[in-house]
Amino acid sequence: MIVTRFAPSPTGYLHIGGARTALFNWLLARQSGGKFILRIEDTDVKRNTPTAAQQVVDDLKWLGLNWDEGPEVDGPNGPYHQSERRDIYDKYIGQLLDEGNAYHCFETPEELALIREEAAKQKKTYNYTRPEVFPTADDVENARLQGRPVVVRFAVPDGDIVINDVVRGEVTFRAGEIGDFIIQKSDGFPTYHMAVVIDDELMGVTHVIRGQEHLMNTPGHQALQDALGFRRPVYAHMSVTVSEGGGKLSKRERPKTLRMSIKGRGQVDTQKLADVGGITVEEFESFTKGQSVPDMPAIDAIAKHLGVKLPEINVVDFASGGYLPETMVNFMGLLGWSTSDDREIMALEEQLECFDLTRLAKSNSLFDRKKLMAFNTEHMRMVGSEKLLEHFKRYIELKKSPVASGDDEILNRILLACAGARTLAEIEAKTRFLFFADDAIEYDEKAVNKVLMKNDGLGVLAEVRKRLAALDDVTAEAIENILRTLAEELSVGLGKVAQPLRVAICGNTISPPIFDSVDMLGMNNTLKRIDITLEKFSK
RNA sequence: GGUCCCAUCGUCUAGUUAGGCCUAGGACACCGGGUUUUCAACCCGGCAACAGGGGUUCAAAUCCCCUUGGGACUACCA
């Protein structure tokens, strides 16, 4: 049976790169009736935030990637948080130590940095120099008493290491290229390398699909597996997703974008911006100098205040941008992977059918947001009215939109009237006027000038009002009839009568088809808004 | 700097493992036109690539080498 896993470190929201890794592992397990495990790699006490694991869980759920074992599910191989598996790691580290395959070291980070610098100067690969004789238990005790850090290193065996990768084929690492790496930190926690090898073995993981950034770690992992007598899972190192600016698509891009934007402005009100972000002025200044990065909510708040559009990187960014999970899963699945028959727009079931591990691409790919938009347009059409309503409700809830006060009936009418929209955000933006008070409409200056103040827009609007008021059977058809007739009588295009009306009811020139808009708003509110508009601009 | 990986339209990619079926296919973007009550959507048409240089071969996008370019890693992060 195929067993795969997704093993994020809970340092924040799930980002696109991680989500893609999760997707491929999920796909491989699901298509063969195998098992998909979610494991939280929280061995770095400093970096983990308490809420991050929950965010990752929520994001995976939103994408529809469910797991058979892991948080909230449980199973025979738990616990699924590495921080709760300390005794397991200790046992294996002890074993390596006993067998002479690992040894203690006491250098401080500063001393290590010095050695590293020296190696760089000599243009050589930096490796920790293994001592002739490993420290004894007494040495360890002494070091502790002196207050020196105590870590454990794995004694990497001599000789070339050849790894076999599904994507890259055979990759050879020359003897001596892999140095003795740390497997237990001075705080007693295992490093990633140790924990991942042990857990993959214990949880019966058969296939590991991960990012190319792990390729260089693999020989070390393999040596560890050999020393421990573990099985070797099948490895597939996927190409990296890069962003427009070049380099790996990273969550650091959001703070970076904001920082550049602030710098580009010259003078800014630091006090005000710090307040907006809920951080201190010192923290804010440290951020703009590039010395530190505040929490994500602070970044988001400041960006929103300044009107800076941050690049979408995290799964939640896309949810918040009005993209469908179906789109994300489809699109991410096509980053570094393709079908043999040019199929692109696919439902998840279809992806499941044709997924083939051997078709993973070797070269990096760029995340193209324009293409994502096109995919979303297609999926909005494809998902069906029931699913779309569900997604839309979740979206307006998430955005705390006034549209959220609408009931299913009106929401369904909205969705129908907005057929062809590219994102849920577009639908929300052009229907929120339906939920404003009649006198709370904000008029877009450009729209007013263009359609109301020119070509007797107000006069036409007054005439429209008269005719609408006389209507007793209010339907979209009847409204259409009136407007078309009027346009004909005036020998102008429909736009000349529709646009003033549109601006009157929603304040700008963007809305669902005008007949539907009036119908959904209701005749009373429509007439009221026309009156308010006429009053406001007829001077 | 060191180690490793990669290289087809602007972008995602098919074709490379088994060289001829490739005057290189699809999708997005872009450009032109159509439809139209706004924004979208939709329809039709068009532009556009084998990074460069050497080999091997009757034949190379496909195999080999070099150059160039891009990327990953280089932590007591994962």
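Chain identifiers are assigned alphabetically (A, B, ...) following the order of the sequence lines, protein sequences preceding nucleic acid strands; residue numbering begins at 1 within each chain.
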| message | What contact category does A/Gly336 fall into here, base, sugar-phosphate, or nothing, at under 4.0 angstrom with non-hydrogen atoms? | response | sugar-phosphate
| In this structure, which one of A/Thr43, A/Leu224, A/Ile182 forms a side chain to side chain contact (heavy atoms under 4.5 Å, CB included) with A/Met194? | A/Leu224
| Across the strands shown, which category fits A/Arg343 at heavy-atom distances under 4.0 angstrom: base, sugar-phosphate, nothing? | nothing
| A/Glu378, nearest nucleotide to its side chain (from B/rC42, B/rA14, B/rC4) | B/rC42
| said: Between B/rU16 and B/rG1, how far apart are the two P atoms, rounded to whole Å? | reply: 35 Å
| request: Let me see the working for A/Tyr89 and A/Phe189 under ring pair (Phe, Tyr, Trp, His ring centres under 6.0 Å), right down to the final yes or no. | output: CA-CA 8 Å; A/Tyr89 307 126; A/Phe189 274 89; 8.8 Å; no
| said: Over all strands shown, is A/Ser186 touching base, sugar-phosphate only, or nothing at heavy-atom distances under 4.0 angstrom? | reply: base
| If the P atom of B/rA29 is compared with that of B/rC66, how far apart are they to the nearest Å? | 41 Å
| remark: As its Watson-Crick or G-U partner within any shown strand, both distances under 3.5 Å, B/rA18 has none
| request: Could you tell me the separation between the CZ atom of A/Arg116 and the P atom of B/rG1, rounded to a whole number of Å? | output: 19 Å
| Salt bridge or not for A/Glu118 and A/Arg116, using N-O below 4.0 Å? | no
| message | If you assign A/Arg168 and A/Ser340 each to the RNA chain B nucleotide with the nearest heavy atom, which residue ends up on the more 5' nucleotide? | response | A/Arg168
| said: Under 3.5 Å for both donor-acceptor distances, Watson-Crick or wobble: does B/rC63 have a partner, and if so which one? | reply: B/rG55
| said: Just the rounded figure in Å: distance from P of B/rC4 to CD1 of A/Ile178. | reply: 10 Å
| task | Measure from OH on A/Tyr13 to P on B/rA78 and round the result to the nearest Å. | result | 22 Å
| request: For A/Glu41 and A/His81, run side chain to side chain donor-acceptor pair (under 3.5 Å): C-alpha distance rounded to whole Å, both residues' side-chain angles, the deciding distance at 0.1 Å, then the answer. | output: CA-CA 6 Å; A/Glu41 310 224 323; A/His81 284 77; over 6 Å; no
| request: Using whole Å, report how far CD of A/Glu177 lies from P of B/rG1. | output: 16 Å
| Given the P atoms of B/rC21 and B/rC63, what is the spacing between them in whole Å? | 15 Å
| message | My understanding is that only one of A/Tyr192, A/Phe173, A/Phe181, A/Tyr235 makes a ring-ring contact (aromatic ring centres under 6.0 Å, His included) with A/His221; could you say which? | response | A/Tyr192
| query | Does a nitrogen or oxygen in the side chain of A/Thr191 sit under 4.0 Å from OP1 or OP2 of B/rC77? | reply | no
| task | To the nearest Å, give me how far apart CG (A/Leu360) and C1' (B/rC5) are. | result | 15 Å
| said: Under 3.5 Å for both donor-acceptor distances, Watson-Crick or wobble: does B/rC50 have a partner, and if so which one? | reply: none
| task | Take atom P in B/rG52 and the same atom in B/rA41, then report the distance between them in whole Å. | result | 36 Å
| Interatomic distance where CG belongs to A/Asn364 and C1' belongs to B/rC5 [whole Å] | 9 Å
| request: List for me each residue that meets side chain to side chain donor-acceptor pair (under 3.5 Å) alongside A/Thr339, sequence neighbours excluded, and say none if there are none. | output: A/Asp341
| request: Tell me what A/Arg210 touches on the nucleic acid: a base, only sugar-phosphate, or nothing, going by heavy atoms under 4.0 Å. | output: nothing
| task | Assign A/His214 to base, sugar-phosphate, or nothing according to its heavy-atom contacts below 4.0 angstrom with the strands shown. | result | base
| Mind checking the C1' distance from B/rC43 to B/rA48? Whole angstroms is fine. | 22 Å
| query | Starting at CE of A/Met216 and ending at P of B/rG71, how long is that distance when rounded to a whole Å? | reply | 16 Å
| Ion pair check, A/Glu426 and A/Lys430, cut-off under 4.0 Å | no
| said: Using a heavy-atom cut-off of 4.0 Å across all strands, would you classify A/Val151 as base, sugar-phosphate, or nothing? | reply: base
| B/rU17 phosphate, OP1 or OP2, under 4.0 Å from A/Arg359 side-chain N/O | no
| Residue A/Val240, side-chain atoms from C-beta onward, closest of B/rC4, B/rA14, B/rA72 | B/rA72
| Ion pair A/Glu489/A/Arg467, N-O distance below 4.0 Å | yes
| With sugar-phosphate meaning primed atoms plus P, OP1 and OP2, does A/Glu107 contact a base, only sugar-phosphate, or nothing at under 4.0 Å between heavy atoms? | base
| Salt-bridge contact A/Arg413-A/Asp516 (side-chain N to carboxylate O under 4.0 Å) | no
| query | B/rG69 pairs with which nucleotide, Watson-Crick or G-U wobble, both distances below 3.5 Å? | reply | B/rC6
| query | Which of these passes ring-ring contact (aromatic ring centres under 6.0 Å, His included) with A/Phe318: A/Phe331, A/Phe367, A/Tyr13, A/Phe375? | reply | A/Phe367
| said: Distance check, C1' atoms only: B/rG33 and B/rA72, in whole angstrom units. | reply: 46 Å
| With sugar-phosphate meaning primed atoms plus P, OP1 and OP2, does A/Asn217 contact a base, only sugar-phosphate, or nothing at under 4.0 Å between heavy atoms? | base
| Checking all strands, does A/Thr43 fall into the base, sugar-phosphate, or nothing category for heavy-atom contacts under 4.0 angstrom? | sugar-phosphate
| task | Figure out the NZ/P separation between A/Lys362 and B/rA7, and round it to whole Å. | result | 7 Å
| query | Considering only heavy atoms from C-beta outward, does the side chain of A/Arg5 approach that of A/Leu38 to under 4.5 Å? | reply | no
| said: Can you build the contact string for nucleotides 20-41 of chain B? Use B for base contact, S for sugar-phosphate-only contact, and - for no protein heavy atom under 4.0 Å. | reply: -----BBBSS-------BBBBS
| field | Pairing nucleotide - B/rG1, Watson-Crick or G-U, each distance under 3.5 Å | value | B/rU74
| message | With rounding to the closest Å, how many angstrom separate the P atoms on B/rA59 and B/rG19? | response | 15 Å
| Using the C1' atom in both, what is the distance from B/rU11 to B/rG70, to the nearest Å? | 15 Å
| task | Any strand is fair game: report the nucleotide pairing with B/rA27 by Watson-Crick or G-U wobble, both distances under 3.5 Å, or none. | result | B/rU11
| query | Toward the 5' end of RNA chain B, which comes first, A/Thr125 or A/Val167, by nearest nucleotide? | reply | A/Thr125
| Complement of B/rU36, any strand, by Watson-Crick or G-U distances under 3.5 angstrom | none
